[in-house]
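See structure below.
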Amino acid sequence: MNVLNSKSCSKKNYVLLLMLSFFYIYSPIINGKYAIVYVFYPLVLAVLLRNIKEVKNILSSYSFVFILFICTFLFLYSLVHSLLGGQLYYSYVFFSYFFILIPYCICLIILMQKCSFNNVDFYRLIVLLAIIQSFFVIFTMIFTDLRPLFIPIDIDKSTLRSFGFTDGVSLGMPAFQGAAVCIAHVLFKITKKKIYIVVIPVFLMTIAVNARTGFVVIFIAIAVYNLLPIFRSSYVFKIILLVVSIILYANVINFLEGYFYIEAGSELTTMYWVIDGIVQLNQIISMQSSTTTDEMYHMIRIPEDTSSFWLGTGHDIFSAIKNSDLGYVNYLFYGGITFSIILYGLFFYLYSLTLTNVYNRYDLYILTVVCVSIFVLNLKGRVFHINPMLSFLFLINFYYIFRNRIRFNVYK
């Protein structure tokens, strides 16, 4: 896969871009202790200092100042809670927004500009990152005893899944791989190169052996792909085709569930775990009760007193006795409705700002899939903590918003 299209981009710059992009997106932690994203932070600062003119152009943007203001507010809000006895970890999370996410994003889009990237080059880079991660997934599947070196996991509780070289293995990484599936599909539509179809099954495998959240992103991608051209004359035909496809899909999945259940017997296999997840998704689509929806319903909690509802308690309930996995519930308990509105408002603002900088339906499609997915995945866990999908959300928004401020050649 040739992603180095421009003679103006040296191999050194591209290797640096690829390496920093991988560590930024996946934030791998070696041996459960050493976060590589911090190890390479001096390189990020060096790039920013050597390109101070481009950095100033971005910093002088009113949009950037507002984004920085909101991120700073979230950090100070969490810091006050920490000083009052709340969870210190949230202060770290929101400090990372402007200490890790923003500097890395600016650094990466500057390196992209140095390599004369256009939109297709950007998408190729994302697919290449997913391919590299796939190699790590396969490697750790073969050498399972080495997994603790690459992923901070409890080996005894992760016999069926958790492979790769990444953080966020149970939520963010599979979601990012799911986003890479839809980007590979777009690249195939644009370039007609079959390699982008070939890599899709590989990405699906990396999702299947880690967490089913990636399939949720793919389903959202299918829905968005069919809903965006709503005013086209062929839309009615597409809706009919989609309904027929869902009916066929439901019957095939029900058959597969029965087959793999018989094959598995009393032992839960990885394949049965995957099929069971698709069955539950099928039940949700059909408005039927499922294990997932039942569990989510029982995890809905609301702070009991008024002050906690508006300002939060400084603690989430992820590990409480009456716990909840739902991100919306945990952020509500931690910071109250005030904190939640500002947090979600930041990403609505990013999306609305980015919409003014997209120029074709493919850009709009990918952007919408990523932004919708992040809010859906917040039902599964605390997705606005640092993880691969959140990092990608920041990067794709910063790319679209600020590329023109450093003289990006969007279409070549």
Side-chain angles (χ1 to χ4, degrees), residues 1-28 36-61 63-65 67-68 98-133 176 179-180 183-184 186-187 190-191 193 350 353-354 357-360 362-363 366-367 370 388 391-412:
M1 186 185 304
N2 181 22
V3 289
L4 190 57
N5 286 336
S6 176
K7 293 181 180 179
S8 65
C9 181
S10 67
K11 290 184 178 180
K12 181 177 70 173
N13 279 342
Y14 188 78
V15 169
L16 180 61
L17 171 61
L18 184 62
M19 180 179 64
L20 290 180
S21 298
F22 183 86
F23 294 141
Y24 164 75
I25 291 291
Y26 292 107
S27 300
I36 299 182
V37 72
Y38 294 110
V39 175
F40 286 94
Y41 199 76
L43 271 178
V44 173
L45 294 179
V47 171
L48 296 178
L49 291 173
R50 291 192 62 177
N51 298 274
I52 196 67
K53 182 178 179 180
E54 287 81 358
V55 173
K56 286 182 178 179
N57 287 338
I58 293 175
L59 296 183
S60 61
S61 163
S63 302
F64 178 82
V65 171
I67 293 168
L68 189 63
F98 62 84
F99 183 73
I100 296 295
L101 295 183
I102 291 177
Y104 261 88
C105 283
I106 296 175
C107 169
L108 293 177
I109 61 175
I110 286 174
L111 289 173
M112 290 178 201
Q113 186 266 340
K114 296 294 181 184
C115 290
S116 300
F117 263 40
N118 60 16
N119 290 5
V120 173
D121 297 323
F122 176 68
Y123 297 150
R124 283 173 175 155
L125 175 66
I126 299 304
V127 170
L128 184 55
L129 295 178
I131 291 173
I132 295 172
Q133 184 61 242
F176 177 78
I183 292 174
V186 166
L187 283 172
I190 294 173
T191 66
K193 293 183 178 179
L350 283 173
L353 199 61
T354 306
N357 291 277
V358 295
Y359 303 109
N360 63 54
Y362 292 127
D363 296 343
I366 293 173
L367 176 68
V370 175
S391 298
F392 179 48
L393 178 64
F394 260 87
L395 180 61
I396 193 171
N397 278 285
F398 267 62
Y399 169 78
Y400 282 121
I401 295 169
F402 298 114
R403 62 188 176 186
N404 293 329
R405 300 192 71 84
I406 53 173
R407 303 182 306 279
F408 253 94
N409 184 15
V410 179
Y411 296 106
K412 294 188 284 192

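Quick note: numbers below take in every heavy atom, side chains included, and nothing from hydrogens, waters or symmetry partners. Index from 1, following the sequence.
- Ile396 has its side chain out of reach of Ile126: every pair of non-hydrogen atoms, C-beta onward, lies at least 4.5 Å apart.
- Note that OG1 of Thr354 and CG of Leu393 are 8.5 Å apart. Values are rounded to the nearest 0.5 Å.
- Residues Tyr14 and Leu17 are in side-chain contact: their nearest non-hydrogen atoms beyond the backbone lie under 4.5 Å apart.
- Donor-acceptor pairing under 3.5 Å is lacking for the side chains of Asn119 and Tyr400.
- One finds the CD1 atom of Ile109 at 10.0 Å from the CD atom of Glu54 (value rounded to the nearest 0.5 Å).
- In this structure, CZ in Phe402 is found 7.5 Å from CD1 in Ile106, a value given to the nearest 0.5 Å.
- Here the CG atom belonging to Asp363 is positioned 7.5 Å from the OH atom belonging to Tyr399, to the nearest 0.5 angstrom.
- For the pair Asn397 and Leu353, the minimum side-chain heavy-atom distance is 4.5 Å or more.
- Note that the SG atom of Cys105 and the CD1 atom of Ile100 stand 11.0 Å from one another [nearest 0.5 Å].
- Counting heavy atoms from C-beta on, the side chains of Leu18 and Leu129 come closer than 4.5 Å.
- Aromatic ring pairs are classed by plane angle as parallel below 30°, tilted from 30° to 60° and perpendicular above 60°; the pair Phe122 and Phe392 is parallel.
- Ring centers of Tyr104 and Phe23: at least 6.0 Å apart, outside the cut-off.
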Go through it in stages, so that I can follow the logic: the residues are Ile132 and Tyr26, the test is side-chain contact (heavy atoms from CB on, under 4.5 Å), and I'd like the CA-CA distance, side-chain angles, deciding distance and then a yes or no. CA-CA 11 Å; Ile132 295 172; Tyr26 292 107; over 6 Å; no

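- Looking only at side-chain heavy atoms (C-beta outward), Arg124 and Val127 stay at 4.5 Å or farther from each other.
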Verdict with reasoning, Ile401 to Leu350, per side-chain contact (heavy atoms from CB on, under 4.5 Å): CA-CA 8 Å; Ile401 295 169; Leu350 283 173; 4.0 Å; yes

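- At least one side-chain heavy atom of Met19 sits less than 4.5 Å from a side-chain heavy atom of Leu16.
- Although no hydrogens or angles enter the test, the distance criterion places a donor-acceptor pair under 3.5 Å between the side chain of Arg403 and the main chain of Asn357.
- Contact of the Asn118 side chain with the Asp121 side chain is registered, since non-hydrogen atoms from C-beta on lie closer than 4.5 Å.
- By the side-chain contact (heavy atoms from CB on, under 4.5 Å) test, Leu68 pairs with Phe64, Thr72, Phe98, Ile102, sequence neighbours left out.
- Going from atom CD1 of Ile25 over to atom CG of Leu20 covers 11.5 Å, rounded to the nearest 0.5 Å.
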Show me the side-chain donor-acceptor pairs of residues 38-49 shorter than 3.5 Å, one per line, residues at least two apart or across chains.
{"unit_1": "Tyr38", "atom_1": "OH", "unit_2": "Tyr92", "atom_2": "OH", "d": "2.7"}
{"unit_1": "Tyr41", "atom_1": "OH", "unit_2": "Phe99", "atom_2": "O", "d": "2.7"}

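- Counting heavy atoms from C-beta on, the side chains of Leu125 and Met112 come closer than 4.5 Å.
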